[in-house]
There are 2 protein chains.
Amino acid sequence: MNETQAVTSLAALAHPQRLRIFRMLVAEGPNGLPASEIADAVEASATAASFHLKELDRAGLIFGTRDGRFVRYAVNIEGMRQLLAYLVDDCCRGQPELCGATFKKIRSVCSK
Amino acid sequence: MNETQAVTSLAALAHPQRLRIFRMLVAEGPNGLPASEIADAVEASATAASFHLKELDRAGLIFGTRDGRFVRYAVNIEGMRQLLAYLVDDCCRGQPELCGATFKKIRSVCSK
DNA sequence: TGTATAATTCAATAGTTCTTGTATTATTGA
DNA sequence: TCAATAATACAAGAACTATTGAATTATACA
């Protein structure tokens with residue numbers, strides 16, 4: 001993960017419909033959902049949903065696989081972990097005594 | 001944390017200089033740094049730095065406190081924790097067996 | 001093969017955010 | 001009070017992102 005990738009991922013999430021899609025897929029887990037079902041759930045047109053799904057895919061946060069005439073999208077777990085880790089990398093310069101319990105929990109995300 | 005707040009926070013982070021500032025303040029810990037030092041470090045003009053610091057502040061990710069003629073900015077730990085928690089809330093519908101080790105770690109961020 | 005469904009691409013417009021320079025406010029110390 | 005430093009506010013144009021509808025591609029199945 002580098003700065004440019006992180007900015008791309010954060011920008012992808014910084015949109016109400018995309019954020020709803022992402023959280024939905026996080027909740028859904030590895031199986032994911034077809035694009036049409038996602039579009040319905042967030043009340044987006046097929047065009048809009050496709051645009052937003054592509055943004056999230058490009059950002060490495062989800063990925064789509066064709067399944068017959070459907071494309072199923074699912075969360076990219078490793079991409080998501082890398083983003084969270086990048087945000088809190090080197091927090092409090094590794095001195096947990098500065099950070100308190102909250103930071104300790106957040107830091108556990110950093111490790112693979 | 002609601003959707004609108006989360007989008008605001010993610011948009012605040014989705015900019016190279018602001019992301020650099022945020023990570024710098026995460027590394028720095030509770031004491032934070034004066035605005036001028038931050039501006040130098042990210043090679044931004046005073047105006048640009050002020051604009052970006054205000055965005056991060058508005059998003060609840062950092063906060064500034066005046067200290068003589070300086071304003072020191074520091075990370076808002078609780079704001080950051082809430083954002084990370086919002087992203088991974090209800091992951092795999094609470095069934096860790098779907099998620100694997102990575103998700104279990106990420107989930108630890110959710111708890112207060 | 002032809003029709004229906006799922007999804008994506010394209011192009012134009014509308015809307016937002018970023019950048020830059022200048023002006024202003026706040027604080028300190030001579 | 002005056003000069004210097006730190007920071008913020010404002011305004012205009014540039015750059016980027018989102019939205020919409022129409023057209024296109026991919027797949028299934030009668």
Side-chain angles (χ1 to χ4, degrees), chain A residues 3-25 28 31-76, chain B residues 3-25 28 31-76:
Chain A
E3 188 181 89
T4 305
Q5 289 176 300
V7 167
T8 300
S9 299
L10 291 163
L13 292 172
H15 182 285
Q17 284 178 320
R18 287 199 297 263
L19 182 55
R20 235 177 292 159
I21 290 171
F22 176 78
R23 295 180 75 228
M24 195 178 184
L25 293 180
E28 199 57 35
N31 282 342
L33 293 170
S36 47
E37 209 168 309
I38 296 169
D40 283 358
V42 305
E43 290 172 313
S45 66
T47 298
S50 183
F51 171 77
H52 292 313
L53 288 166
K54 195 179 65 176
E55 289 292 295
L56 288 165
D57 185 322
R58 203 169 57 86
L61 292 167
I62 70 175
F63 62 97
T65 38
R66 189 169 274 277
D67 175 16
R69 74 175 80 170
F70 296 86
V71 177
R72 293 189 80 86
Y73 284 92
V75 65
N76 180 346
Chain B
E3 188 181 271
T4 305
Q5 289 177 299
V7 167
T8 301
S9 299
L10 291 162
L13 291 171
H15 181 285
Q17 284 178 319
R18 286 200 295 263
L19 183 55
R20 234 176 292 159
I21 291 172
F22 177 76
R23 293 180 76 229
M24 196 179 186
L25 294 181
E28 198 58 33
N31 282 341
L33 292 170
S36 47
E37 210 168 308
I38 296 170
D40 282 0
V42 304
E43 290 171 315
S45 66
T47 297
S50 182
F51 171 77
H52 292 313
L53 288 166
K54 196 180 62 177
E55 289 292 295
L56 288 166
D57 186 323
R58 202 169 59 84
L61 292 167
I62 68 174
F63 61 96
T65 38
R66 190 169 271 279
D67 174 17
R69 74 174 79 171
F70 297 86
V71 176
R72 293 188 81 87
Y73 283 93
V75 65
N76 179 347

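Chain A is the first sequence line, chain B the second, and so forth, proteins listed ahead of strands; every chain is numbered from 1.
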| Are side-chain heavy atoms of B:Phe51 and B:Leu53 found at a separation under 4.5 Å? | no

- Message: Can you confirm whether B:Ile62 sits close enough to B:Leu56 that some side-chain heavy atom of one is under 4.5 Å from a side-chain heavy atom of the other?
- Response: yes

Report the distance from atom [atom1] of [X] to atom [atom2] of [N], rounded to the nearest whole Å.
{"X": "A:Asp40", "N": "C:dA6", "atom1": "CG", "atom2": "P", "value": "9 Å"}
{"X": "A:Arg58", "N": "C:dT8", "atom1": "CZ", "atom2": "P", "value": "15 Å"}
{"X": "A:Glu55", "N": "D:dT19", "atom1": "CD", "atom2": "C1'", "value": "13 Å"}
{"X": "A:Asp57", "N": "C:dA7", "atom1": "CG", "atom2": "C1'", "value": "13 Å"}
{"X": "B:Glu43", "N": "C:dT20", "atom1": "CD", "atom2": "C1'", "value": "17 Å"}

Mark yes or no for whether [X], through its side chain, and [Y], through its backbone, hold a donor-acceptor pair below 3.5 Å.
{"X": "A:Asn76", "Y": "A:Phe63", "answer": "no"}
{"X": "A:Arg66", "Y": "A:Gly68", "answer": "yes"}
{"X": "B:Arg18", "Y": "B:Ala12", "answer": "yes"}
{"X": "A:Arg72", "Y": "A:Gly32", "answer": "yes"}
{"X": "A:Thr8", "Y": "A:Thr4", "answer": "yes"}
{"X": "B:Ser50", "Y": "B:Ala46", "answer": "no"}

Touch class at under 4.0 angstrom, heavy-atom based, for B:Ala46 against every strand present:
base

Requested in this report: Assign B:Ser36 to base, sugar-phosphate, or nothing according to its heavy-atom contacts below 4.0 angstrom with the strands shown.
Outcome: sugar-phosphate

Working note: A:Tyr73 + A:Leu33, criterion side chain to side chain contact (heavy atoms under 4.5 Å, CB included); need CA distance, chi angles, decisive distance, verdict. CA-CA 5 Å; A:Tyr73 284 92; A:Leu33 293 170; over 6 Å; no

Once base and sugar-phosphate atoms are separated, protein heavy atoms under 4.0 Å mark nucleotides 20-30 of chain D, 5' to 3', with B, S and - as BBB---SSB--

Does a nitrogen or oxygen in the side chain of A:Tyr73 sit under 4.0 Å from OP1 or OP2 of C:dT8?
-> yes

Expected list for residues 3-23 of chain B near DNA chain C, using heavy atoms below 4.0 Å, is B:His15, B:Arg18

Testing C:dT19, D:dA9, C:dA7 for proximity to the side chain of B:His52, the answer is C:dT19

